[in-house]
Number of protein chains: 2
Amino acid sequence: MSAPLDYFKPLSDSSTRQRTQTRERILEAAEAVFADNGYHEALVDEIGKKTSMSKGGLYFHFPSKEDLFFAVMDRLANKLVKRAEKAADRANSPLESAEAALDAVLSALSAQRRLARLLITQGYSMGNAFECKRSEIFDRFANVISQNLDEAKSDGQISDINTDLAARVWLGAVNETVVHWLFSDGPTPKETASDLRRLLLASVQVSNPSIKSKDAV
Amino acid sequence: MSAPLDYFKPLSDSSTRQRTQTRERILEAAEAVFADNGYHEALVDEIGKKTSMSKGGLYFHFPSKEDLFFAVMDRLANKLVKRAEKAADRANSPLESAEAALDAVLSALSAQRRLARLLITQGYSMGNAFECKRSEIFDRFANVISQNLDEAKSDGQISDINTDLAARVWLGAVNETVVHWLFSDGPTPKETASDLRRLLLASVQVSNPSIKSKDAV
DNA sequence: GACAACCGACCGACCAGTCGGTTTGTGCGT
DNA sequence: ACGCACAAACCGACTGGTCGGTCGGTTGTC
């Protein structure tokens, strides 16, 4: 009946949309489950329950638990990096960009304890695979920071330091602050944000942390 | 937790010694296996093989895999903290003590990649239990640093900063540097040590890092 | 009738921990 | 010196519960 030629367009726009929507639904649920339990303790069946979808259905969309986890991580990291970059763009000097990125990340993590946990901790249980993913993600953050520091350096805003290392130091500091908050009931990252900013700016030799209204426009 | 059956029974000195010696042998082997594989991938049977001891024998000395892992962690952390404290004691000003502790840790970790990995990463797979342990251990390091910074502060050697936070920043920086080395073929912590020291000292507002880097091996 | 999407009972690899048993060391009575 | 008793130390085959992943089948849609 139908001409032999009409199945080279197998997926209509709407079905593609449907598809990514379902994927999104799964990712959302998976994020919650992984955040609550960590990779190993998280059960695929529970993700199914939260999605009102069977295990088979899940496996139709994602080839393995591991892939699903990585997809969740990527999605999260993308959101955060974009947020940081946007904040950086709004600032009007490289150094302030770096500060803004820092603040953006700190407040985002503070607001979502579970996400912080997921992003920073929960993956290590998977062994090497995750560790590579983690450094990939951290590298993206490090780049946002070090690029701005580089500019600040050539602008003479900061002293002549190893900006890659400085970026790493900043990241490490944030990481540790968050972890301490997560597991030892330390203060919220947001609470320590201003002290932290002071320390980190000092590390790149800005001795006088302007009350930041300095070049506000 | 506690060793099996430590009644007040007449355990002769030699048998006690024998006992702790066996424990030590197990800890050594376990350290290697955990370091190579992480907690989850590590098989109790493999520890047995490395010890030339059966699983039953192992379980005679340690009540569970988890306890064994924690014992390994404690042993390692003790060694490192002691090393740091000793290095700090040899220095002759609080600030230099903090520097020395930093150097000691960096060089110890650089020298033993697998141990670094074990201490910093490999445990997360266990969930909450480990995370508590981790913060316990990190707190010990943080204390060594923050106490010295406190003294330095009241000596007027550094500016008036939040020393607890500064200690956390230092730890975080070290942590991140090490992780980056471990998983991204970044430079050795020892290689970056002097740059790192400069940054961290600057963070506590010492603009002029004393050029006196005597290694504490 | 073709195919994407979804179902869910089932499989089977995996491995920490157990347990009945054997060996080794120690003390004691004779 | 010798055997006897008893426990510490050690053995290793086995169990039992847990899940990731599969697959033959059903539904909905074009």
Side-chain angles (χ1 to χ4, degrees), chain A residues 1-26 29-30 33-34 37-72 125-127 129, chain B residues 1-26 29-30 33-34 37-72 125-127 129:
Chain A
M1 304 298 194
S2 62
L5 292 171
D6 66 1
Y7 50 93
F8 55 81
K9 193 199 72 178
L11 292 174
S12 72
D13 268 5
S14 73
S15 69
T16 308
R17 196 177 317 135
Q18 187 62 43
R19 189 174 187 147
T20 56
Q21 202 173 314
T22 310
R23 264 182 77 97
E24 198 63 19
R25 226 177 79 228
I26 296 173
V33 174
F34 282 131
N37 306 98
Y39 180 76
H40 258 104
E41 322 290 326
L43 304 191
V44 175
D45 280 313
E46 198 176 330
I47 298 174
K49 208 157 71 183
K50 257 211 172 79
T51 330
S52 312
M53 186 178 289
S54 75
K55 212 191 270 197
L58 255 40
Y59 274 87
F60 177 78
H61 288 279
F62 295 91
S64 74
K65 183 184 180 183
E66 193 173 301
D67 281 87
L68 178 51
F69 183 79
F70 282 146
V72 169
S125 37
M126 333 181 31
Chain B
M1 278 276 201
S2 62
L5 308 175
D6 36 356
Y7 312 136
F8 41 9
K9 257 304 190 158
L11 285 171
S12 75
D13 270 4
S14 72
S15 70
T16 309
R17 195 176 320 135
Q18 187 63 42
R19 189 171 188 151
T20 56
Q21 203 172 313
T22 311
R23 265 183 75 98
E24 197 64 19
R25 227 177 77 230
I26 296 174
V33 174
F34 282 130
N37 304 99
Y39 179 76
H40 258 104
E41 324 289 328
L43 304 191
V44 175
D45 281 312
E46 197 176 331
I47 299 174
K49 208 156 72 181
K50 257 213 170 77
T51 330
S52 312
M53 185 178 292
S54 73
K55 212 192 268 198
L58 255 38
Y59 275 87
F60 177 80
H61 289 279
F62 295 92
S64 73
K65 184 185 179 182
E66 191 173 303
D67 282 86
L68 178 51
F69 183 80
F70 282 146
V72 169
S125 38
M126 334 183 27

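So that the names make sense, note that chain A is the first sequence line, chain B the second, and so on, each numbered from 1.
- Under the rule for a ring pair (Phe, Tyr, Trp, His ring centres under 6.0 Å), the partners of His40(B) that lie at least two apart in sequence or sit in another chain are His40(A).
- In this structure, CD of Gln21(A) is placed 13 Å from P of dA5(C), rounded to the nearest angstrom.
- Rounded to an integer number of Å, the gap from OH of Tyr59(B) to P of dG20(C) is 18 Å.
- Following rounding to the nearest Å, Lys65(A) (NZ) and dT22(D) (P) show an atom-to-atom distance of 15 Å.
- Listed by chain and number, the residues in a side chain to side chain donor-acceptor pair (under 3.5 Å) with Glu24(A) are Arg75(A) (sequence neighbours excluded).
- For Lys50(B), the side chain to side chain contact (heavy atoms under 4.5 Å, CB included) partners at least two apart in sequence or on another chain are Ala29(B), Ala32(B), Val33(B).
- Between Arg19(A) and dA5(C), a side-chain N or O to OP1/OP2 separation shorter than 4.0 Å is present.
- Whole-Å rounding puts the Phe69(B) CZ to dA16(C) P distance at 14 Å.
- Taking Ser64(A) as the reference, Glu66(A), Asp67(A) meet the side chain to side chain contact (heavy atoms under 4.5 Å, CB included) condition, with sequence neighbours excluded.
- In this model, the phosphate group of dC10(D) is approached by a side-chain N or O of His61(B) to a distance below 4.0 Å at OP1 or OP2.
- A straight line from CG of Asn37(A) to P of dG20(D) spans 11 Å, rounded to a whole angstrom.
- Look at CG on Leu58(B): it is 12 Å from C1' on dA9(D), rounded to the nearest Å.
- Contacts between residues 38-54 of chain A and DNA chain D, counted as heavy-atom distances below 4.0 Å, involve Ala42(A), Leu43(A), Val44(A).
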Practice item. Go through the steps for Phe70(A) and Met126(A) under the test side-chain contact (heavy atoms from CB on, under 4.5 Å), then give the verdict. Key: CA-CA 11 Å; Phe70(A) 282 146; Met126(A) 333 181 31; 4.0 Å; yes

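- An OP1 or OP2 oxygen of dG12(D) is reached within less than 4.0 angstrom by no side-chain nitrogen or oxygen of Lys55(B).
- For Lys55(B), the side chain to side chain contact (heavy atoms under 4.5 Å, CB included) partners are Val44(B), Asp45(B), Tyr59(B), not counting sequence neighbours.
- Sequence order on DNA chain C of the closest nucleotides to Gly56(A) and Phe60(A) puts Phe60(A) first from the 5' end.
- Phe34(A) and Phe69(A) have perpendicular rings, their planes meeting at more than 60° on a 0 to 90° scale where under 30° would count as parallel.
- Rounded to a whole Å, the CD atom of Gln18(B) is 21 Å from the P atom of dA7(D).
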